[in-house]
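Worksheet: the structure to be examined is printed underneath.
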Amino acid sequence: MPQIKLPDGSEKRFEQPVTVHDVAESIGAGLAKAALAGEVDGRIVDTSHTIDGDTTLRIITSRDEEGVEILRHSTAHLMAQAVKRLYPETQVTIGPVIEDGFYYDFAREEPFTPEDLQAIEQEMNRIVSEDIPVEREVMSRDKAIEFFRKQGEEYKARIIEDIPADEELSLYRQGDFIDLCRGPHIPSTGKSGAFKLTKLAGAYWRGNSDNEMLQRIYGTAWPSKKELKQYLHRLEEAERRDHRKVGRQLGLFQFQEEAPGAVFWHPRGWTLFRSLINFVRQRQEQAGYVEVNTPDVMDRRLWEISGHWQNYREHMFSTKTEDDRVFALKPMNCPGSVSLYKQGLKSYRDLPIRMAEFGKVHRYEPSGALHGLMRVRHFTQDDAHIYCTEEQMEEECRKVIELNLSVYRDFGFDDVRLKFADRPESRIGDDSTWDKLESALKGALDSMGLEYTYNQGEGAFYGPKIEFVLRDAIGRDWQCGTLQADLNLPERFDATYRSADGGEKRPVMLHRALLGSLERFTGILLEHHGGILPPWLAPVQAVVMNITDAQADYAAEVVKILSDQGFRAESDLRNEKIGYKIRERTLEKIPYLLVIGDRERENRQVAVRCLNGEDLGAMDIQAFAELLRDKVSSRAS
RNA sequence: GCCGGCUUAGCUCAGUUGGCAGAGCAUCUGAUUUGUAAUCAGAGGGUCGGGGGUUCGAAUCCCUCAGCCGGCACCA
């Protein structure tokens with residue numbers, strides 16, 4: 001006789017085996033209606049699951065995280081059923097839950113159209129109103145393969161063939177539709193929440209670009225209409241922040257057909273870009289780096305030594321000159337850096353050498369990968385290579401991590417996650433070398449008490465790496481910095497140093513990037529701030545605007561005074577009403593608007609209006625300069 | 001690179017079954033000299049992404065190339 005313990009500590013005893021649904025009903029009709037699944041002894045099961053022994057049970061509803069997942073998974077099935085009803089020749093494949101929703105991949109000759117999506121959504125609603133029960137069945141593997149083959153579901157059969165032969169499979173049936181699935185699922189289609197099909201895309205069968213392409217339909221699903229609406233609102237918010245849109249509104253940069261994946265920087269955008277470089281440069285100098293610069297175009301020979309020619313030939317821009325030499329635009333800065341290191345003999349006394357370079361690299365990225373500033377073919381890395389002894393390696397790693405984290409904080413990214421990527425399957429170098437490199441990176445992290453997650457097998461082919469992932473204001477993650485330990489390139493380029501005993505030794509090479517691609521980081525900053533850059537980064541910090549022509553000379557003088565103190569100020573002397581100027585400059589996200597009328601001119605003051613509309617009133621020019629200086633030096637928003 | 005969609009004035013976008021290319025903002029000219037998110041009036045502005053085809057006639061239908069957008073794959 002089952003004795004069932006509930007989360008609140010109470011226990012219920014039943015005279016015969018009961019289902020999760022029965023237990024929920026015994027607690028209350030409302031709960032029974034809301035129940036989507038149950039957790040029995042830590043395992044999530046359907047509400048139809050029968051309990052015949054003593055257990056603990058938690059009823060899962062859409063208010064539980066697991067409940068929402070089940071809802072989304074069941075919505076994927078709902079969609080597949082609708083698709084099969086409308087387009088019976090379609091084959092189903094897989095339909096997993098993803099963040100905020102789900103997708104389902106279909107195989108079908110004819111492409112789905114956006115109009116089809118509407119029809120599918122309608123059919124889904126119809127199935128919901130039919131309130132079809134969702135039933136679980138168990139089948140042997142071989143029987144299941146036969147079952148799906150007979151239905152013409154070749155893909156499903158192939159998926160099942162990969163499952164061990166002795167395993168029993170669960171199938172879920174809802175009316176005319178049946179799908180292989182681990183489950184659990186909602187008890188009936190009527191219990192679906194609010195959903196919407198969002199986009200149509202191609203996706204390779206089994207995620208491999210050698211395979212045929214399937215059609216993927218994405219959707220989102222939520223317990224209530226209200227939550228669905230909130231989600232759609234969140235998408236709109238992200239769209240508002242889109243750096244491509246913001247960049248156009250603020251006049252920062254442009255793209256052009258003739259140079260796909262290349263940025264045309266406008267004066268204001270380039271000012272921002274320079275601010276980033278200058279800030280990183282200053283912080284690096286303080287941290288003991290030297291800065292260098294190496295050629296953009298170098299002979300193919302150098303890329304053969306580094307191994308890039310063999311590995312990335314088709315992603316490199318190259319050119320043949322009149323005299324039949326083949327040159328390549330640099331896709332990486334390291335070969336140039338090692339070349340500098342190799343100039344002259346190095347002693348152990350010279351190490352560590354921290355060599356930074358704001359190098360512009362060129363990579364022929366696949367056309368489909370290009371995306372605004374986030375993925376371009378020509379970008380500037382705030383790159384550095386640190387040459388040190390094996391003994392110095394761990395300490396140098398610590399210093400890099402410290403510098404990176406502190407710079408991220410200065411840019412307003414306090415939530416930084418670290419990932420440790422260890423040796424990949426295909427790699428060069430022996431295991432003892434990898435042991436050394438991995439333990440140095442890990443040792444640095446551990447000794448600093450930092451938490452990190454593992455990215456197993458995701459290291460570069462020549463060495464393990466630490467990745468710095470920044471979380472932005474609306475919760476998205478961006479991988480920016482990296483730190484890689486490398487003994488391969490020094491070997492390939494035969495870089496050496498004289499050790500204390502006079503012998504010749506191999507230096508360790510640490511590759512590190514701080515913000516990564518400065519183009520991309522500009523995009524991230526714009527989206528993080530929604531275009532409202534803090535005064536220290538704003539390309540124009542203040543615009544001085546006159547009420548009438550009578551104050552034009554004074555306005556120009558104010559701009560001069562501020563510029564002389566290193567501020568980025570402009571004037572707006574157009575013959576327009578003050579409200580019009582304020583509106584325009586506000587849309588350009590200028591942090592401070594300085595309004596000048598006769599009163600201000602006579603008192604040698606400025607009337608200060610903040611971007612958020614706050615009026616700070618009239619103040620002396622110097623008082624405003626101090627205010628702005630404080631904001632800039634504290635990097636306040 | 002692959003799948004799907006899109007490309008009309010500087011920007012945002014209308015444009016019916018194939019039948020004279022439009023609006024708002026911006027620009028220019030004039031008036032207005034204005035106090036915290038759009039002053040008024042007038043004018044100019046287009047190879048409808050490029051090329052090819054169907055048709056009496058193409059922004060509209062077909063083919064092709066490019067770019068962009070959403071995914072997939074890729075990201076040293």
Side-chain angles (χ1 to χ4, degrees), chain A residues 103 105 108 110-114 116-117 198-218 239 242 244-245 248-249 251 254-261 303 306-316 330-335 361 363-372 374-377 379 381 458-463 465 479 482 484 486 488-489 511 516-517 520 545-552 574-588 593-600 607-611 613-618:
Chain A
Y103 68 76
D105 285 346
R108 176 174 181 242
E110 211 176 314
F112 289 115
T113 67
D116 291 340
L117 243 57
T198 50
K199 50 197 170 191
L200 212 46
Y204 295 108
W205 164 238
R206 291 188 157 152
N208 186 335
S209 57
D210 295 332
N211 293 340
E212 65 273 31
M213 188 157 268
L214 306 170
Q215 297 189 62
R216 176 172 298 179
I217 302 178
Y218 284 91
E239 210 174 311
D242 190 312
R244 291 165 299 191
K245 200 170 175 171
R248 196 166 35 239
Q249 283 161 352
Q254 70 186 64
F255 288 94
Q256 212 162 288
E257 221 177 296
E258 290 81 356
W303 306 107
S306 70
H308 289 103
W309 193 263
Q310 296 84 326
N311 279 313
Y312 293 103
R313 168 78 197 88
E314 64 282 20
H315 295 295
M316 287 169 70
K330 66 174 171 187
M332 292 280 279
N333 296 306
C334 9
V361 294
R363 300 177 182 178
Y364 192 78
E365 304 285 6
S367 58
L370 302 180
H371 180 91
M374 299 304 191
R375 189 83 182 269
V376 289
R377 287 181 174 153
F379 61 97
Q381 283 183 321
E458 294 289 310
F461 68 91
Y462 51 78
K465 62 182 172 186
Q479 198 223 294
T482 77
Q484 304 170 7
D486 175 19
N488 168 56
L489 233 53
H511 307 243
S517 152
R520 179 163 174 271
M545 43 187 68
N546 55 345
I547 304 276
T548 72
D549 292 343
Q551 307 92 33
R574 290 175 304 169
N575 175 14
E576 293 289 353
K577 292 175 83 163
I578 198 68
Y580 181 83
K581 296 189 196 181
I582 287 173
R583 178 183 154 78
E584 282 212 325
R585 302 304 172 171
T586 300
L587 292 174
E588 287 173 18
L593 302 183
L594 310 183
V595 176
I596 287 175
D598 285 334
R599 285 201 298 276
E600 286 77 17
V608 182
R609 182 192 159 104
C610 305
L611 180 52
E614 194 189 347
D615 186 358
L616 299 185

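Letters A, B, ... are given to chains in the order of the sequence lines, protein chains preceding strands, and every chain is numbered from 1.
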message: A:V608 vs A:L594, test: side chain to side chain contact (heavy atoms under 4.5 Å, CB included). Steps then yes/no.
response: CA-CA 5 Å; A:V608 182; A:L594 310 183; 3.9 Å; yes
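- Straight-line distance between the P atoms of B:G50 and B:A58: roughly 15 Å, to the nearest whole Å.
- Atom CZ in A:R108 sits roughly 13 Å away from atom C1' in B:G4 (whole-Å rounding).
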B/S/- contact track for nucleotides 39-51 of chain B, protein heavy atom under 4.0 Å: B------------
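- In this structure the side chain of A:E365 reaches within 4.5 angstrom of the side chain of A:L370, judged on heavy atoms.
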task: Could you run through nucleotides 69-76 of chain B and give me one letter per nucleotide, 5' to 3': B if any protein heavy atom sits under 4.0 Å from the base, S if only the sugar-phosphate is that close, - if neither?
output: SBBBBBBB
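- Rounding to the nearest 0.5 Å places CD of A:E458 at 7.5 Å from NZ of A:K465.
- A:D549 contributes a side-chain N or O that forms a donor-acceptor pair with the base of B:U33 under 3.5 Å.
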- line: Intra- and inter-strand pairing of RNA chain B, written as dot-bracket with Watson-Crick and G-U pairs under 3.5 Å and | for the latter, reads (((((((..((((.....[..)))).(((((.......))))).....(((((..]....))))))))))))....
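- A:D210 comes within 4.0 angstrom of nothing in the nucleic acid, heavy atoms only.
- Listed by chain and residue number, A:F253 satisfy the ring-ring contact (aromatic ring centres under 6.0 Å, His included) test with A:F255 (two or more places apart in sequence, or in another chain).
- What separates CD of A:Q256 from P of B:G10 is a distance of 13 Å, to the nearest Å.
- If you measure from atom CD of A:Q254 to atom P of B:G67, you get 17 Å, rounded to the nearest angstrom.
- The gap from the P atom of B:C28 to that of B:G10 amounts to 15 Å, rounded to the nearest Å.
- Residue A:T548 has its side chain nearest to B:U33 when only B:U36, B:U33, B:A38 are considered.
- The distance between atom CZ of A:R585 and atom C1' of B:G35, rounded to the nearest whole Å, is 18 Å.
- The gap from the P atom of B:C48 to that of B:A59 amounts to 7 Å, rounded to the nearest Å.
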field: Derivation of the side chain to side chain contact (heavy atoms under 4.5 Å, CB included) call for A:D486 and A:H511
entry: CA-CA 7 Å; A:D486 175 19; A:H511 307 243; 2.9 Å; yes
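- Every ring-ring contact (aromatic ring centres under 6.0 Å, His included) that A:F112 has, sequence neighbours left out, goes to A:Y87, A:F106.
- Listed pair A:R609 / B:A37 meets the phosphate criterion, a side-chain N or O lying under 4.0 Å from OP1 or OP2.
- Once rounded to the nearest 0.5 Å, the distance linking CD of A:Q484 with OH of A:Y462 reads 3.5 Å.
- Checked against side chain to side chain donor-acceptor pair (under 3.5 Å), A:R313 has the following partners two or more places apart in sequence or in another chain: A:S318.
- In this structure, the side chain to side chain donor-acceptor pair (under 3.5 Å) partners of A:Y580, at least two apart in sequence or on a different chain, are A:E584.
- Protein atom CG of A:L593 is 17 Å distant from nucleotide atom P of B:G35, rounded to whole Å.
- Evaluation of the ring-ring contact (aromatic ring centres under 6.0 Å, His included) rule for A:H308 yields A:W303 as partners, not counting sequence neighbours.
- Nucleic acid contact for A:A550: none, since no nucleic acid atom lies under 4.0 Å from a heavy atom of the residue.
- The same atom, P, is picked in B:C72 and in B:A14; the two are 27 Å apart, to the nearest Å.
- Distance CD (A:Q249) to P (B:A37): 19 Å, rounded to an integer number of Å.
- At whole-Å resolution of the value, CD in A:E110 and P in B:G5 are 11 Å apart.
- Here A:D105 contributes atom CG and A:Q215 contributes atom CD; the two are 10.0 Å apart, rounded to the nearest 0.5 Å.
- Atoms CG (A:L587) and C1' (B:A26) sit 13 Å apart, rounded to a whole Å.
- With sequence neighbours left out, the side chain to side chain donor-acceptor pair (under 3.5 Å) criterion links A:R248 to no other residue.
- Under the ring-ring contact (aromatic ring centres under 6.0 Å, His included) criterion, A:Y218 pairs with A:Y103, sequence neighbours left out.
- In this structure, the side chain to side chain contact (heavy atoms under 4.5 Å, CB included) partners of A:N311, at least two apart in sequence or on a different chain, are A:F461.
- When the P atom is compared between B:U27 and B:G67, the two are found 33 Å apart, to the nearest whole Å.
- With hydrogens and angles ignored, a donor-acceptor pair closer than 3.5 Å exists between the side chain of A:E600 and the base of B:G35.
- Distance check on atom P: B:A41 versus B:U32 gives 16 Å, rounded to whole Å.
- A distance of 6.0 Å separates OG1 in A:T586 from CG in A:L611, rounded to the nearest 0.5 Å.
- Taking atom P in both B:U12 and B:A26, one finds a spacing of 15 Å when rounded to whole Å.
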- request: Treat primed atoms plus P, OP1 and OP2 as sugar-phosphate and everything else as base, then score nucleotides 11-17 of chain B 5' to 3': B for base contact with protein heavy atoms under 4.0 Å, S for sugar-phosphate contact only, - for none.
  value: SS-----
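- With P as the reference atom, B:G52 and B:U16 are 25 Å apart, rounded to whole Å.
- Remark: A:Q381 CD to A:R520 CZ distance equals 11.5 Å, nearest 0.5 Å.
- Each of A:P114 and A:I578 lies near RNA chain B, and the nucleotide nearest A:P114 is the one positioned closer to the 5' end.
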